[in-house]
S.K.: 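The structure follows.
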Amino acid sequence: MKTSQFLLATLREAPADAEIVSHRLMLRAGMIRQLAAGIYNWLPLGLRVLRKVETIIREEMDRAGAQELLMPAVQPAELWQESGRWEMYGPELLRIRDRHEREFCFGPTHEEIITDIVRREIRSYKQLPANFYQIQTKFRDEIRPRFGIMRAREFLMKDAYSFHLTEESLQETYDQMYATYARILDRLGLTYRAVLADTGNIGGSASHEFHVLAESGEDAIAFSDDSDYAANVELAEAPHPETERAAPTEDLQLVDTPGVKTIDDLVNNYDLVIEKTVKTLVVHGTNNSLVALLVRGDHELNIVKAAKLPDVQVPLQFASEAEIKKAVGAGPGSLGPVNLPIRCYVDRAVAVLSDFTAGANIDGKHYFGINWERDAKLPVIVDLRNVVDGDASPDGKGKLSIQRGIEVGHIFQLGTKYSEAMKATCLDESGSSRTLSMGCYGIGVSRIVAAAIEQNHDDSGIIWPDPIAPFQVSLVPINMHKSQRLREAVMKLYDELVVAGVDVLLDDRRERPGVMFADAELIGIPHRLTFGEKGLDAGNIEYKSRSGDREQEVPLGEAVGFIQKQLSE
RNA sequence: CGGGGCGUAGCGCAGCCUGGUAGCGCACCGCAAUGGGGUUGCGGUGGUCGGAGGUUCAAAUCCUCUCGCCCCGACCA
């Protein structure tokens, strides 16, 4: 490709509303342009990357024996009503009507459609197991799309669905998909971790997420320093406290704490130890009740764990100040376990506290020296908090450390959730009808592009891993317009590279070298060949890698071979 | 959905408070010089000032409505 024939839409300045690195760089490099909130055009440069990611995924899925098919983006409401998700999915489902007022949605995922296909087409156990996938555009009407392509409403996803007669067969395919995802991310050249995950509203039992590690990641993931254990912080179980609850040494004391609304206020103004304070969070419970959740002052409530409690309404919603006042008689900031009139759960770490501080359920007052059983009955003890750096690993080996990750893949064992609702059955060896078990396996194709940039960039721009670079090599001629013999030599080399199958971008604009270098670096081409008259005289061409650690003269005659060697490394 | 902010040329912004012929930088086009890290000079192209309504002799500017986009908020007890 030559720049004269290519839309090189680079920008010096990024639009002011682009917040994260990948969004800024994708705009500046001319990969994408926004059309509406969470909806983007892919310009030629961006599409080249997207297609390369897609190709690697497709190759690995095919290699794993999955079959590609393509399902519609627009789906009839009937199937969603049949699975029960037309009501359950909520406002993220973009619902539309056709001219006959029939209801449809723009598919956010395709369990219903694939299950419908399979129940029509698969009759016999002899056709199983089967694994179908597609690479297709999804639409999820996110509350707040953000970060460019990272959390867009319309995005490209590879989704796969497998069908089985037995749990063993499902486990086998699940394990195979786990290995396939690892291969895909290895081939993409990304640093990642697979972690245990929550199954969320898709449902099912076992589940793993694949995270590309990056500071800007929206998810926190916890690793053991001494085993393979890795889990999303949403899921990671906090350890049982190592100590028993100590006997009371202080009397219960009601203290005036005017204006104290937060744990920080309390600790700073009354010289307390934060580990001996308790905060009380109030959420909506079932049947219009309120439920109080108690965690230590220095800990964070884990929303996923809280939402799993039997009395808590799903999705989790925090009570308003007015609701709290009405139920408790005091506002947020003055709540605690003593004389608390609503149902209550305590975190394990709270249950072992003694002589601790919490709100008095009277505005502007706190109790100091609270002790369980003496001052308040100890409520049900559950795991409510996020794990923190240094917690013992749940598998008993080592300590946890927390890192940020971008979720690019998620695999689930769904079991019979959809096949049962939609009556997807087939005959087994004995001729009796059996409900199929399902697995599903997703990869965010467009999100991988953004994640790759988050992980691989510097001040000058993107640094693509070779396998997904829009071009492998940039060819930068210096002052080509002034020298006919340089022009001829450059064109000859360009043709040779193309014939050799190298993905090369020749910058044939009449620009100064600085401009061409800056653009090549911004768009992240991993290898660069610079060619000027001086080099031509010496019979050399200059090579530089984007990561900057290699720079050398290469004899012109060996340039093609040299590049091929770089690309195969 | 709540809170905040912003819509003026492709991008980044000024002008608005205090109404009076719409500006700057980058990009783009032309000419010239320059020629190995975003060069310089000169000359140009490009704008229904998000939209509608109102006030006024006169509206980017004031008022009302509306649309769009962005940020923060689901850890606050």
S.K.: When rounded to the nearest Å, what value does the distance between C1' atoms of B:A9 and B:C28 take?
M.R.: 11 Å
S.K.: With a 4.0 Å cut-off on heavy atoms, is A:Val476 in touch with a base, just the backbone sugar-phosphate, or nothing at all?
M.R.: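 Answer is nothing: A:Val476 stays at 4.0 Å or more from every strand.
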S.K.: Quick one: on RNA chain B, does A:Leu281 or A:Glu542 contact a more 5' nucleotide (nearest heavy atom)?
M.R.: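 Of the two residues, A:Glu542 wins.
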S.K.: Quick check: A:His366 with A:Phe368 (ring centres under 6.0 Å apart)?
M.R.: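 Centroid separation for A:Phe368 and A:His366: 6.0 Å or greater.
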S.K.: What integer distance in Å separates A:Arg509:CZ from B:G35:C1'?
M.R.: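 Checked: the CZ to C1' distance equals 16 Å.
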S.K.: Please tell me which of the listed nucleotides, B:G12, B:A74, B:C75, lies nearest to the side chain of A:Lys279?
M.R.: B:C75
S.K.: Which nucleotide, B:C69, B:A77, B:G35, lies nearest any side-chain atom of A:Ile263?
M.R.: B:A77
S.K.: So A:Leu475 and A:Val490, do their side chains get closer than 4.5 Å, heavy atoms only?
M.R.: yes
S.K.: Report the distance from atom CZ of A:Arg510 to atom P of B:C28, rounded to the nearest whole Å.
M.R.: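 That distance rounds to 14 Å.
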S.K.: When the P atoms of B:C26 and B:G7 are considered, how many whole Å apart are they?
M.R.: 22 Å
S.K.: Considering only atom C1', compute the distance from B:G44 to B:A27 and round it to an integer number of Å.
M.R.: 14 Å
S.K.: Distance between the C1' atoms of B:C24 and B:G35, in whole angstroms?
M.R.: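 Their C1' atoms lie roughly 29 Å apart.
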S.K.: With sugar-phosphate meaning primed atoms plus P, OP1 and OP2, does A:Thr280 contact a base, only sugar-phosphate, or nothing at under 4.0 Å between heavy atoms?
M.R.: base
S.K.: Sort out the partner of B:U55 for me: Watson-Crick or G-U wobble, both distances under 3.5 Å, none otherwise.
M.R.: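 Result: none.
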S.K.: Under 4.0 Å between any heavy atoms, over every strand shown, what does A:Gly532 touch: base, sugar-phosphate, or nothing? Just pick one.
M.R.: base
S.K.: Kindly point out which of B:C70, B:G36, B:G35 is positioned nearest to the side chain of A:Thr530?
M.R.: B:G36
S.K.: Look at the side chain of A:Asp508 and the backbone N and O of A:Ser4, then say whether any donor-acceptor pair between them is shorter than 3.5 Å.
M.R.: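 Yes, A:Asp508 side chain to A:Ser4 backbone: donor-acceptor pair under 3.5 Å.
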S.K.: When you measure from the side chain of A:Glu275 to the backbone of A:Asp298, do you find a donor-acceptor pair of N or O atoms at a distance under 3.5 Å?
M.R.: no
S.K.: Rounded to whole angstroms, how far apart are CZ on A:Phe517 and C1' on B:G36?
M.R.: 6 Å
S.K.: Could you tell me the separation between the CZ atom of A:Arg28 and the P atom of B:G12, rounded to a whole number of Å?
M.R.: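 Interatomic distance, CZ of A:Arg28 to P of B:G12: 12 Å.
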S.K.: Write out a two-atom table: protein N or O, nucleotide N or O from nucleotides 23-27 of chain B, distance below 3.5 Å.
M.R.:
residue, atom, partner, partner atom, Å
B:G25, N2, A:Glu13, OE1, 2.9

S.K.: How do A:Gly514 and A:His299 order along RNA chain B: which one's closest nucleotide is nearer the 5' end?
M.R.: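 So the residue in question is A:Gly514.
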S.K.: Under 4.0 Å, counting only non-hydrogen atoms across every strand here, what does A:Arg528 touch: a base, just sugar-phosphate, or nothing?
M.R.: base
S.K.: Could you check whether any side-chain heavy atom of A:Leu506 comes within less than 4.5 Å of a side-chain heavy atom of A:Thr3, counting everything from C-beta outward?
M.R.: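 Sidechains of A:Thr3 and A:Leu506: no contact.
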S.K.: Using a 4.0 Å heavy-atom cut-off across all strands, classify A:Ala518 as base, sugar-phosphate, or nothing.
M.R.: base
S.K.: For A:Lys305 and A:Leu384, which heavy atoms make the closest approach, and how far apart are they?
M.R.: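 It is CD-C, 4.3 Å.
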S.K.: I'd like the P distance from B:C76 over to B:U39, given in whole Å.
M.R.: 47 Å
S.K.: Whom does B:G73 pair with, Watson-Crick or G-U wobble, provided both distances fall under 3.5 Å?
M.R.: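 Partner of B:G73: B:C1.
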S.K.: Counting the atoms with a prime plus P, OP1 and OP2 as sugar-phosphate, which does A:Ala36 contact under 4.0 Å by heavy atoms, base, sugar-phosphate, or nothing?
M.R.: sugar-phosphate
S.K.: Side chain of A:Lys534, heavy atoms from C-beta onward: which of B:C1, B:G36, B:G37 has the nearest atom to it?
M.R.: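 The listed nucleotide nearest to A:Lys534's side chain is B:G36.
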S.K.: Using the side-chain heavy atoms of A:Arg144, tell me which of these nucleotides is nearest: B:G36, B:G35, B:C71.
M.R.: B:C71
S.K.: Across the strands shown, which category fits A:Ala14 at heavy-atom distances under 4.0 angstrom: base, sugar-phosphate, nothing?
M.R.: sugar-phosphate
S.K.: Please give, in whole Å, the distance from B:G3 P to A:Phe318 CZ?
M.R.: 20 Å
S.K.: Closer than 4.0 Å, any side-chain N/O of A:Arg512 to the OP1 or OP2 of B:G36?
M.R.: no
S.K.: May I ask which nucleotide in the shown strands pairs with B:G41, Watson-Crick or G-U wobble, both distances under 3.5 Å?
M.R.: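 The answer is B:C31, by the H-bond criterion.
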S.K.: Mark yes or no: A:Arg95 above the aromatic ring of A:Trp80, with NZ or CZ under 6.0 Å from the six-membered ring centre and no more than 45 degrees from the axis.
M.R.: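 Judged by the rule, A:Arg95 and A:Trp80 form no cation-pi pair.
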S.K.: Determine the interatomic distance between P on B:C71 and the same-named atom on B:C29; round to the nearest Å.
M.R.: 32 Å
S.K.: What closest approach, in Å, do A:Leu293 and A:Ala306 show between heavy atoms, and which atom pair accounts for it?
M.R.: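 In terms of heavy atoms, the two residues are closest at CD1-CB, 3.8 Å.
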S.K.: Applying a 3.5 Å limit to both distances, which nucleotide forms a Watson-Crick or G-U wobble pair with B:C6?
M.R.: B:G68
S.K.: Find the distance A:Leu301:CG to B:A77:C1' and express it as a whole number of Å.
M.R.: 12 Å
S.K.: Counting Watson-Crick and G-U wobble pairs only, both distances under 3.5 Å, name the nucleotide matched with B:G46, or none.
M.R.: none
S.K.: Just jot down the salt bridge (charged side-chain N to carboxylate O under 4.0 Å, His left out) partners of A:Glu103, sequence neighbours excluded, or say none.
M.R.: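 For A:Glu103 the salt bridge (charged side-chain N to carboxylate O under 4.0 Å, His left out) partners, ignoring immediate neighbours, are A:Arg97.
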S.K.: Specify the separation, in whole Å, of atom CG of A:Asp264 and atom P of B:A77.
M.R.: 8 Å
S.K.: C1' atom, B:G37 versus B:A32: distance in rounded Å?
M.R.: 23 Å
S.K.: Using purine N1 to pyrimidine N3 plus N6-O4 or O6-N4 for Watson-Crick, or N1-O2 and O6-N3 for G-U wobble, both under 3.5 Å, which nucleotide pairs with B:U21?
M.R.: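 Pairing partner, where one exists within any strand: none, as none qualifies.
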S.K.: Looking across every strand, which nucleic acid part, if any, lies under 4.0 Å from A:His481 by heavy atom: base, sugar-phosphate, or nothing?
M.R.: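 It contacts base atoms.
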S.K.: Can you tell me if A:Gln34 touches the phosphate of B:C70, counting only side-chain N or O atoms and a distance under 4.0 Å to OP1 or OP2?
M.R.: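 It does, given that an N or O in the side chain of A:Gln34 lies less than 4.0 Å from OP1 or OP2 of B:C70.
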S.K.: A:Arg24 side chain to A:Glu19 main-chain N or O, any donor-acceptor pair under 3.5 Å?
M.R.: no
S.K.: Just checking A:Leu335: base, sugar-phosphate only, or nothing, at a heavy-atom cut-off of under 4.0 Å?
M.R.: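 Touches sugar-phosphate only.
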S.K.: Send over the distance from A:Arg24 CZ to B:C71 P, rounded to a whole Å.
M.R.: 12 Å
S.K.: Compute the ring centroids of A:Tyr543 and A:Phe531, then answer whether they are less than 6.0 Å apart.
M.R.: no
S.K.: Determine the Euclidean distance between corresponding P atoms of B:G50 and B:G12; express it in Å to zero decimal places.
M.R.: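 Looking at atom P only, B:G12 and B:G50 are 15 Å apart.
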S.K.: Among the candidates B:G37, B:C71, B:G35, find the nucleotide nearest to the side-chain atoms of A:Glu19.
M.R.: B:C71
